[in-house]
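Report on one structure; see the data block that follows.
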Amino acid sequence: SAFDMAGIVRLTTGNWMVEAVYLDPDDVPDSNTKVGGTNIEYTLGDAGVVGGGYWNIFESDNDARDGLSVFDIRADLTPFENRAVSLAGEFVREKNGKLNDSWAAYGQVGYDFGLGEDVTLKPAVSYRYANFSGDNLDSDTDNSFDPLFYGFNDWNEWYIGEITGEYIAGNSNFNAQTVKVVVKPTNSITAYFFYHYFRLNKFTDDLIPRPPLPPVGSGAIEDKSFGHEVNLIMDWAVTDHFNVSATANILVPAAGGRDFFGSSDNWLL
């Protein structure tokens, strides 16, 4: 359901994998966007994967996206013999002539305490810093990062913050620091704790909400410190075919968040 049309040609040889990809997103409203690109990955055995890609939006009714080129390099590594330490990161550059020149990046370090079979709760911790460029109002070129097409592979990977990322702002003109703790009380239950600290990159009178939601505030923001968010999440695999998730979340606005909301009230979800 993510794409009206998708085609992938993949070649794997030794540690190398190369893909040629065509995508026609199923976006709302339909922008007739068409994307072509290539993805390359190299597997380092048990030590992880490094890769990169080039993508071009060669047709779109969205003028800012029509002709947009996207470059990325990334790595996901467990470089030490015990595989407990994980390192990950990615850098993305977007360029569309004089219309857009933006970038985004993240870096993450984690430690898995639960690799042993007899480890209680199997805890794992990580820290991630993600940064998405914002527009420089003194330039005719739009420098705000376009997050393009969202996906989901784990909590708070794409939508950063169950409140901020889901309801307030897209991945643009923000930087987010995230601390994540994961435990498994049983084989069928996984519990997550997240702490996020959000800051704006550039001053703005508005935030970019995730479509189709409208902006929730319109106050002039005079401080880049936006807010602190905590997410408590539980996943329960009831059966092989039935899962239940529950979340409890709070967003505590900082000075910039209070400007935006026009209130110092906490947001509970």
Side-chain angles (χ1 to χ4, degrees), residues 1-8 19 21-37 39 51-57 59-62 64-66 68-74 76 88-94 96 100 102-108 128-135 142-178 180 192 194 196 198 200-201 206-216 226-227 229 231 233 235 243 245 247 249 251 269:
S1 63
F3 297 97
D4 283 334
M5 180 70 71
I8 301 174
E19 294 172 315
V21 180
Y22 168 81
L23 301 171
D24 185 355
D26 186 16
D27 51 355
V28 179
D30 186 8
S31 63
N32 296 308
T33 296
K34 296 176 173 56
V35 185
N39 178 54
Y54 168 76
W55 314 89
N56 181 258
I57 299 178
E59 183 177 331
S60 179
D61 293 343
N62 183 328
R65 291 181 176 178
D66 189 31
L68 180 70
S69 292
V70 183
F71 310 84
D72 86 287
I73 55 173
R74 61 192 183 275
D76 190 354
E90 183 171 18
F91 176 82
V92 180
R93 173 82 183 277
E94 296 179 335
N96 191 6
N100 181 284
S102 58
W103 62 275
Y106 86 91
Q108 178 173 303
R128 181 176 66 171
Y129 178 78
N131 201 356
F132 308 93
S133 65
D135 191 25
D142 188 352
N143 305 116
S144 57
F145 184 75
D146 185 344
L148 295 174
F149 316 114
Y150 279 78
F152 183 90
N153 60 310
D154 200 358
W155 296 103
N156 287 296
E157 291 290 329
W158 289 77
Y159 303 99
I160 305 176
E162 294 305 298
I163 297 175
T164 304
E166 289 276 5
Y167 298 106
I168 300 172
N171 288 338
S172 186
N173 194 32
F174 254 114
N175 63 67
Q177 299 186 60
T178 299
K180 173 183 178 181
Y192 303 82
F194 291 94
H196 310 278
F198 296 100
L200 295 172
N201 274 326
D206 200 2
L207 295 176
I208 301 175
R210 182 174 65 86
L213 295 168
V216 298
F226 187 78
E229 181 171 338
N231 309 136
I233 302 171
D235 285 337
N243 299 329
S245 296
T247 73
N249 314 279
L251 171 61
L269 176 67

query: Rounded to the nearest 0.5 Å, how far apart are CZ of Arg93 and CD1 of Ile73?
result: 12.0 Å
- prompt: Going from CG on Asn231 to CG on Leu251, what distance comes out if it is rounded to the nearest 0.5 angstrom?
  reply: 9.5 Å
message: Testing the basics here: between Phe149 and Pro25, what is the closest heavy-atom pair and its distance to 0.1 Å?
response: CZ-CG, 3.4 Å
- request: Compare every heavy atom of Gly37 with every heavy atom of Trp55, then report the nearest pair and how far apart it is.
  value: CE3-CA, 3.6 Å
- prompt: Do the ring planes of Phe145 and Phe132 sit parallel (below 30°), tilted (30 to 60°) or perpendicular (above 60°)?
  reply: tilted
message: Test your reading of the model: is there a side-chain donor-acceptor pair from Glu229 to the backbone of Thr164, 3.5 Å cut-off?
response: yes
task: Report the C-alpha separation of Asp142 and Asn100 in whole Å, then their side-chain angles, then the decisive distance to 0.1 Å, and conclude whether the side chain to side chain donor-acceptor pair (under 3.5 Å) test is met.
output: CA-CA 5 Å; Asp142 188 352; Asn100 181 284; 4.7 Å; no
Gap between atom CD of Gln108 and atom CD of Glu157 - 0.5 Å precision: 6.0 Å
message: Would you say that Leu148 contacts Val35 through its side chain, given a criterion of any heavy-atom pair below 4.5 Å between the two side chains?
response: no
- prompt: Between Leu269 and Glu162, what is the shortest heavy-atom contact and its length?
  reply: CD2-O, 3.8 Å
statement: Heavy-atom closest pair (Ser133 atom, Ser102 atom, distance to 0.1 Å) is OG-CB, 3.3 Å
field: Ala105 backbone acceptor or donor facing Asn131 side chain under 3.5 Å
entry: no
task: Evaluate the side-chain proximity of Asn173 to Asp135: yes if any heavy-atom separation is below 4.5 Å, no if none is.
output: no
task: Check the angle between the aromatic planes of Phe174 and Phe198 and answer parallel, tilted or perpendicular using the 30° and 60° thresholds.
output: perpendicular
Closest contact, heavy atoms only, Tyr150 versus Gly170: OH-CA, 3.4 Å
message: Between Asn32 and Glu59 (side chain of the first, backbone of the second, donor and acceptor by atom type, cut-off under 3.5 Å), is there such a pair?
response: no
query: What heavy-atom pair brings Thr33 and Asp27 nearest, and what distance separates the two atoms?
result: OG1-OD2, 4.1 Å
- request: Report the C-alpha separation of Tyr192 and Asn156 in whole Å, then their side-chain angles, then the decisive distance to 0.1 Å, and conclude whether the side chain to side chain contact (heavy atoms under 4.5 Å, CB included) test is met.
  value: CA-CA 10 Å; Tyr192 303 82; Asn156 287 296; over 6 Å; no
task: Consider only side-chain N and O atoms of Asn201 and Asn175, and report whether a donor and an acceptor are under 3.5 Å apart.
output: yes
field: Atom pair CD (Gln177) and CD1 (Ile160), whose distance is rounded to the nearest 0.5 Å
entry: 11.5 Å
message: As an exercise, state the distance from OH of Tyr159 to CG of Asn171, rounded to the nearest 0.5 Å.
response: 9.5 Å
query: Angle class for the His196/Phe194 ring planes (parallel below 30°, perpendicular above 60°, tilted otherwise)?
result: parallel
Side-chain donor-acceptor contact under 3.5 Å, Ser31 with Asp61: no
- request: State, yes or no, whether a side-chain contact exists between Asp154 and Lys180 at a heavy-atom distance under 4.5 Å.
  value: yes
field: Rounded distance (nearest 0.5 Å) linking atom CD of Glu19 with atom CG of Asn39
entry: 5.0 Å
